[in-house]
Number of protein chains: 2
Amino acid sequence: MDQPPPRSPSVADVALKAGVSKATAARVLGGYGTVSDRVRDAVTAAARALDYRPNELARSMTTGRSGTIGVVVGDIENPFFSLAVRGITDVARQAGFTVILINSGEDVASEKAAVRTLLAKRVDGLIVSPSKESDVEHLQEAARSGRPLALLDRGSEALDVDTVIADDRYAAEGVTRRLLSLGHRRIAYLTACDTPDHLFRTPADINTGSVRRRIEGFLGVCRQEGLKDMERWVHVGAVTPDDTRRIVTAMLQAGERPTAIIASDSVIGLEVFKASRTIGLAIPSDLSLVSFHDADWTSVTSPPVTVVRQPVYQLGETAARLLVERLNGEGAKSRRVILQTEVVERASVAEAPA
Amino acid sequence: MDQPPPRSPSVADVALKAGVSKATAARVLGGYGTVSDRVRDAVTAAARALDYRPNELARSMTTGRSGTIGVVVGDIENPFFSLAVRGITDVARQAGFTVILINSGEDVASEKAAVRTLLAKRVDGLIVSPSKESDVEHLQEAARSGRPLALLDRGSEALDVDTVIADDRYAAEGVTRRLLSLGHRRIAYLTACDTPDHLFRTPADINTGSVRRRIEGFLGVCRQEGLKDMERWVHVGAVTPDDTRRIVTAMLQAGERPTAIIASDSVIGLEVFKASRTIGLAIPSDLSLVSFHDADWTSVTSPPVTVVRQPVYQLGETAARLLVERLNGEGAKSRRVILQTEVVERASVAEAPA
DNA sequence: TTGAAAGCGCTACCAT
DNA sequence: ATGGTAGCGCTTTCAA
């Protein structure tokens, strides 16, 4: 009548019940080696009777593979990342891997902790969307530890690892040229990336690779067209919707307000849309708006929003595929994949007001 | 000059280098037991020199705790789930747990596989948003296996476990009454939940708890008001945006079309919005729309959409908190938490057209 | 084809 | 305070 410790049955238990050795039971349970049909049946029956469940932990201990990949993104709540993560999980699952997800909040310290945790849990590989391109020693370490690493949406020159990004610079250049051709001269770029003093001076201030490239593209085209000092139109620190609202409102109510705004992601784009409406500025007659990320709602607003469509799902999918290939021992040198974007012209962009 | 196997250093290695026993090194490395300051320093130094990384897998093997909780949701890409998952991960992280995420695609078979995988990986606990209330033996099993389970957004009478849901029935009743009072009689309810023949007959056809309760509320109020046979206005199978578009278009172009539509989530709501616009039906004069889930974009459309605001983040947060408490040995009997919703009246609802 | 035994890296218990 | 040692559940030689 005493309670035996409710330990779940192990191979040893199954072996005992099946009347074979632990090794033999393990062979059929683990699906390796060779066993006679009779023994296989006996073991299978015993396992079923005992409701045996393999312990992946123990398996991982000896094989050295955990069947897990760690994913670190800024914020799963952001539709950009949730879509990318969907791409990752789909590929991972199909390849027999499971995904551990950690949000970094775009904070390097958290990101480091996340990577450490993941490494400690012995993930087989990592997919990281590094919050800072410059601060990557922890990633370097991960890579050196022998665990494959793939970078998502943001690269790093310093890191020789598989990388999947979009053609951000090119996209920004295109958008900027279009705006310029419509007569816009006061064009603002608004990003969540922040600097210590919340001020922007040079692209070097921006640590997020994808965003830095966009700003470089934006600034470059402006310079080409003879516009100078456009740096003052780059606004950083739109971290939360509240931040964004504050920044946009200030910007739009200033003496010399922008005639066009480029939003670095759909969450920011939405806030710009809201704020301009609140202030009473009409899009696109008073203000043109272009947003990165073709979020699903951007086509139903009035007016619908012109966006840079990024292949977000594929970004995740590709990163996962590269990683899985590497985990399977394929591929020698690291690959950098650049996925193409596309500008979806809708109705939030018009000629600059006189 | 020969390569020693690039095995990462273990406690034994650190102990050797520090000139202490394995047990002692383990004590400082694991942060348990007591050690002299001198020894602690020596071990710490050795660990640093060797770049020692604890192996959580091994630790889990002996402690029986993996520091991981498994989460199974329908689709992380759906803003509802990504927000709930954010709530979960925030709480989990703070409590020192890491999250393994699996999408079920609202498919019971996938859900079962997911639970099995998670159990095999020896997660400490599970949070599941069960795709079917009726089909829960795998969850029963999980619960019986001694690993705590918490249900998210959907309950099950059959399962005596911690559950966090919203007051769906109440919300649906309120929305229905409001519509009725505005003269609507042809009110459609549109959900992603599907039935084998894609036809709805009775709430018992709907296996997703939250949705079934809403439909019961909807139907109940209608019946109360003397409307009969409202079952024919319940449409199922709006799984993908394409499905939704097809269903909505057919419904709106039928001889007797609804004057109001209740969308079961924001993804569906968005599609209804798009489709009605495509068809040329004006919201709210020709068609009233109410959507569940106060997605961020619902306030910027023209007209803005009236929604049932669910405390989605808190749903996840609470589920995680209940689970963590249970993991810490607190709480005896299972708790069911019902979070309140709120109808946010915007401008997509008006009197029924004559 | 099957079995015995070593060991993965760690914790935990019992001595000292 | 420190060390010895027995496992955790599995895979993997090596023999038989």
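Quick note on labels: first sequence line is chain A, next is B, and so on, each numbered from 1. Predicted model only: the values in this text are computed from it and were never measured.
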* To do: Please name the residue in the list B:L139, B:L323, B:I127, B:V115 that meets the side-chain contact (heavy atoms from CB on, under 4.5 Å) test with B:L149.
  =>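 Result: among B:L139, B:L323, B:I127, B:V115, B:L139 is the only option passing the side-chain contact (heavy atoms from CB on, under 4.5 Å) with B:L149.
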[X]: partners by side-chain hydrogen bond (donor to acceptor under 3.5 Å, both in side chains), with sequence neighbours left out:
X	answer
A:N55	none
B:D90	B:R86, B:Y313
A:S110	A:D107
B:T24	B:S21

* Kindly state each residue pair satisfying salt bridge (charged side-chain N to carboxylate O under 4.0 Å, His left out) with at least one member in residues 118-130 of chain B, sequence neighbours excluded. =>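 Pairs touching residues 118-130 of chain B that pass the test: none.
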* To do: Output every pair passing salt bridge (charged side-chain N to carboxylate O under 4.0 Å, His left out) with a member in residues 40-51 of chain B, not counting sequence neighbours, ordered by first then second residue.
  =>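 Sorted result for residues 40-51 of chain B: B:D37-B:R40, B:D51-B:R53.
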* To do: Under the side chain to side chain contact (heavy atoms under 4.5 Å, CB included) rule, collect the residues that match up with B:R335, sequence neighbours excluded.
  =>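 With sequence neighbours excluded, B:R335 shows a side chain to side chain contact (heavy atoms under 4.5 Å, CB included) to B:D162, B:L322, B:E325, B:R326, given in chain and number order.
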* Listed partners of A:A95 passing side chain to side chain contact (heavy atoms under 4.5 Å, CB included), at least two apart ->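 Residues passing side chain to side chain contact (heavy atoms under 4.5 Å, CB included) with A:A95: A:F97, A:V324.
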* Asked: By a strict heavy-atom criterion of less than 4.0 Å, which residues belonging to residues 19-32 of chain B are in contact with DNA chain C?
  ->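 Close to the strand are B:K22, B:A23, B:A26, B:R27, B:Y32.
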* Do you know which two heavy atoms are closest between A:V99 and A:A92, and how far apart they sit? ->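 Of all heavy-atom pairs spanning A:V99 and A:A92, the closest is CG2-CB, 3.8 Å.
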* **First and last nucleotide of DNA chain C, 5' to 3', lying under 4.0 Å from heavy atoms of chain B** =>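 Contacts span C:dG9 to C:dC13, reading 5' to 3'.
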* Select base, sugar-phosphate, or nothing to describe what B:T34 touches, counting heavy atoms under 4.0 Å on all strands. =>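 B:T34: base contact, heavy atoms under 4.0 Å.
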* Asked: At under 4.0 Å between heavy atoms, what does A:S10 touch on the DNA or RNA strands: base, sugar-phosphate, or nothing?
  ->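 Sugar-phosphate contact only - A:S10 comes under 4.0 Å of backbone atoms but never of a base.
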* Asked: Quantified as the angle between the terminal helix axes (five pairs each), what is the overall bend of the helix from C:dT1-D:dA16 to C:dT16-D:dA1 to 10 degrees?
  ->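 Computed from the C1' atoms at both ends, the axes differ by 40°.
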* To do: Look only at the side chain of B:S129 and the backbone of B:L152, and say whether a donor-acceptor pair between them is shorter than 3.5 Å.
  =>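 Side chain of B:S129 to backbone of B:L152, a donor-acceptor pair under 3.5 Å: yes, one is there.
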* To do: Name the first nucleotide and the last nucleotide along DNA chain D (5' to 3') that come under 4.0 Å of a heavy atom in chain A.
  =>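 Nucleotide range with atoms under 4.0 Å of chain A: D:dG9 to D:dT12.
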* Heavy atoms of other groups near A:E157 CD, more than 12 under 6.0 Å ->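 Atom CD in A:E157 is not crowded, with 12 or fewer foreign heavy atoms closer than 6.0 Å.
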